[in-house]
**Student:** 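Please find one structure pasted underneath; my questions will follow.
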Amino acid sequence: MEKSYLRPIPLTDPADAGGGLRLAGGWVRFTHLERLARGAAPEVVAAADLSPEALAPFVAPRAPVAGLSLEVPRLMGILNVTPDSFSDGGRHAGIEAALARAGEMVVEGADLIDIGGESTRPGAEETATAEEIARLVPVVEALRAGGFAAPISLDTRKAAVAEAGLAAGATLVNDVSGLRFDPALAHVAAKAGVPLILMHSLGTPETMAGLAARAYTDVLLDVYDALETAIAQAEAAGVARARIMVDPGIGFGKTLDQNLALLRRLSLFHGLGCGVLLGVSRKGLIGALSGEGDAARRGPGSAAIGLWAVAQGIQMLRVHDISLHKQALALWQPLAAQ
Ligand code: HH2
């Protein structure tokens, strides 16, 4: 029999505020789910007609991640310490600028920061392990030495980088390859007892753009299956499911239509039983849909998709423009049903 998938239909309307089931212990409710299968038309089913086992992944509250409750939407601030992000050359200037930006993001309302020492833009070449460590570790050390208290996530695909970054004071690991690049990364996270973010991507940043068109039979369900496999791999290495977050990886080996298909039905990913993170900030699809060619001016479009995601119960947004997202959330939250 063809595998079927359940997607809670998210409700934030006041008419439903008192009823329905709470999605993942969060701010969205649901009374019905969409049943999806490859090659079949979607079918709507009532939660009341499903078994407690079938509903369990959707209703179970999510454990806090890095000490952050997922009962409210969280903002992860992006901090790139790649050479192209900090134009004034020298490493000291790089560290100073990174510290200033990290502090600023927390003041603006970031709940945690994600530090990346390797660009994963489409077409980007791999950064050598030693170089990535040399970019990340001094920044993490300097942040901690300066009393920076918020959780620090390491945006890396490499076990050795994660190990060095965690030893320097980082709190969690964000792997855009979903353990495909370096499976040993799961053992590092397990040993350190830290949260692990598993993102879906295809190939490598260098090759992914060319793979998208012929990679999927059904992008939504294929990405779900791939994340399910990555979770199993992480659990087998000893990472508790409560410490895993998943991310469908917008823009990583997906065409515009495939990105939109994922965004339209984001709430499917709650079925994996983990917190869900989304990164769309300033990405190409926002430029493609808005006509804004300058990535630095894509904040409003990023926040529009961010609010769409939050209405689908997505617990964490990875963003560049913290104040803008903070303000958007501050307006959205009191309006959505509690
Ligand atoms: N996107 C980028 C990097 N890391 N991690 C997660 N979990 N989800 C994402 O969507 C994601 C990510 C994109 O990286 P890059 O193009 O290098 O630039 P930036 O870090 O400025 O977004």
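Read the numbers this way: they start at 1 and go in the same order the structure lists the ligands and their atoms. FYI, the numbering just counts along the sequence from 1.
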**Student:** Select the closest option to atom 3 (C) of ligand 1 among R318, M245, H200, judged by heavy-atom distance.
**Tutor:**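 Nearest heavy atom to atom 3 (C) of ligand 1 lies in R318.
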
**Student:** Could you list the atoms of ligand 1 found under 4.0 angstrom from a heavy atom of F252?
**Tutor:**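 Reading through ligand 1 atom by atom, the close ones are 1 (N), 2 (C), 11 (C), 13 (C).
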
**Student:** Heavy-atom contact check, 4.0 Å cutoff: does E118 meet ligand 1?
**Tutor:**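 Contact absent.
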
**Student:** Return all side-chain donor-acceptor pairs below 3.5 angstrom for residues 236-246, not counting sequence neighbours, or 'none' if the list is empty.
**Tutor:**
{"residue": "R241", "atom": "NE", "partner": "E235", "partner atom": "OE2", "Å": "3.3"}
{"residue": "R241", "atom": "NH1", "partner": "L272", "partner atom": "O", "Å": "2.5"}
{"residue": "R241", "atom": "NH2", "partner": "E235", "partner atom": "OE1", "Å": "3.3"}
{"residue": "R243", "atom": "NE", "partner": "G193", "partner atom": "O", "Å": "3.2"}

**Student:** Is it the side chain, the backbone, both or neither of L277 that has a heavy atom closer than 4.0 Å to ligand 1?
**Tutor:**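 Contact part for L277 vs ligand 1: side chain (C-beta onward).
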
**Student:** Taking both backbone and side-chain atoms of N80, is any N or O found less than 3.5 Å from an N or O belonging to ligand 1?
**Tutor:**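 N/O-N/O distance under 3.5 Å: yes.
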
**Student:** Got the closest protein heavy atom to atom 16 (O) of ligand 1, with its distance?
**Tutor:**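 Ranked first by proximity to atom 16 (O) of ligand 1 is R121 CG, 3.0 Å.
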
**Student:** Show me which atoms of ligand 1 lie under 4.0 Å from any heavy atom of G279.
**Tutor:**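 Atoms satisfying the 4.0 Å criterion: 10 (O).
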
**Student:** Run down the list D175, D155, V280, I250 and name the one with the heavy atom closest to atom 4 (N) of ligand 1.
**Tutor:**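 When every heavy atom of D175, D155, V280, I250 is considered, D155 comes closest to atom 4 (N) of ligand 1.
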
**Student:** Which of the listed options, I115, T120, V319, V176, holds the heavy atom that is closest to atom 14 (O) of ligand 1?
**Tutor:**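 Minimum heavy-atom distance to atom 14 (O) of ligand 1 goes to T120.
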
**Student:** Can you find a heavy atom in the side chain of Y5 that is under 4.5 Å from one in the side chain of R35?
**Tutor:**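 The answer is no; the side chains never approach within 4.5 Å.
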
**Student:** Measuring only between side-chain heavy atoms, which start at C-beta, is L112 closer than 4.5 Å to L68?
**Tutor:**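 Yes, side chains in contact.
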
**Student:** Does some side-chain heavy atom of S201 sit less than 4.5 Å from a side-chain heavy atom of M199?
**Tutor:**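 M199 reaches S201 side chain to side chain.
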
**Student:** Find all atoms of ligand 1 within a distance of less than 4.0 Å from any non-hydrogen atom belonging to D247, and give their numbers and elements.
**Tutor:**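 Contacts of ligand 1 toward D247, numbered from 1: 6 (C), 7 (N), 8 (N), 9 (C), 10 (O).
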
**Student:** Which protein non-hydrogen atom lies closest to atom 10 (O) of ligand 1, naming both residue and atom, and how far is it?
**Tutor:**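 In this structure, atom 10 (O) of ligand 1 has K283 NZ, 2.6 Å as its nearest protein heavy atom.
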
**Student:** Do side-chain atoms of T171 reach the backbone of I152 as a donor and acceptor pair under 3.5 angstrom?
**Tutor:**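 Yes, the answer is positive, given that a donor and an acceptor are paired below the 3.5 Å cut-off.
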
**Student:** Hey, does F269 have a side-chain heavy atom less than 4.5 Å from the side chain of I314?
**Tutor:**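 No, their side chains stay 4.5 Å or more apart.
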
**Student:** Tell me whether N174 has any N or O atom under 3.5 angstrom from an N or O of ligand 1.
**Tutor:**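 For ligand 1, there is an N or O atom that lies under 3.5 Å from one belonging to N174.
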
**Student:** Mind jotting down which residue pairs meet the ring-ring contact (aromatic ring centres under 6.0 Å, His included) criterion with at least one end in residues 150-195? Sequence neighbours excluded, please.
**Tutor:**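 The answer is none; no pair qualifies.
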
**Student:** For R7 and S267, test the side chains for any donor-to-acceptor distance below 3.5 angstrom and give the result as yes or no.
**Tutor:**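 Side chains of R7 and S267: pair found under 3.5 Å.
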
**Student:** State whether a side-chain donor-acceptor pair under 3.5 Å links E126 with T204.
**Tutor:**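 No, no side-chain donor-acceptor contact under 3.5 Å.
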
**Student:** Which of the atoms of ligand 1 are close to S119, meaning less than 4.0 Å from one of its heavy atoms?
**Tutor:**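 Here the atoms of ligand 1 in question are 17 (O).
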
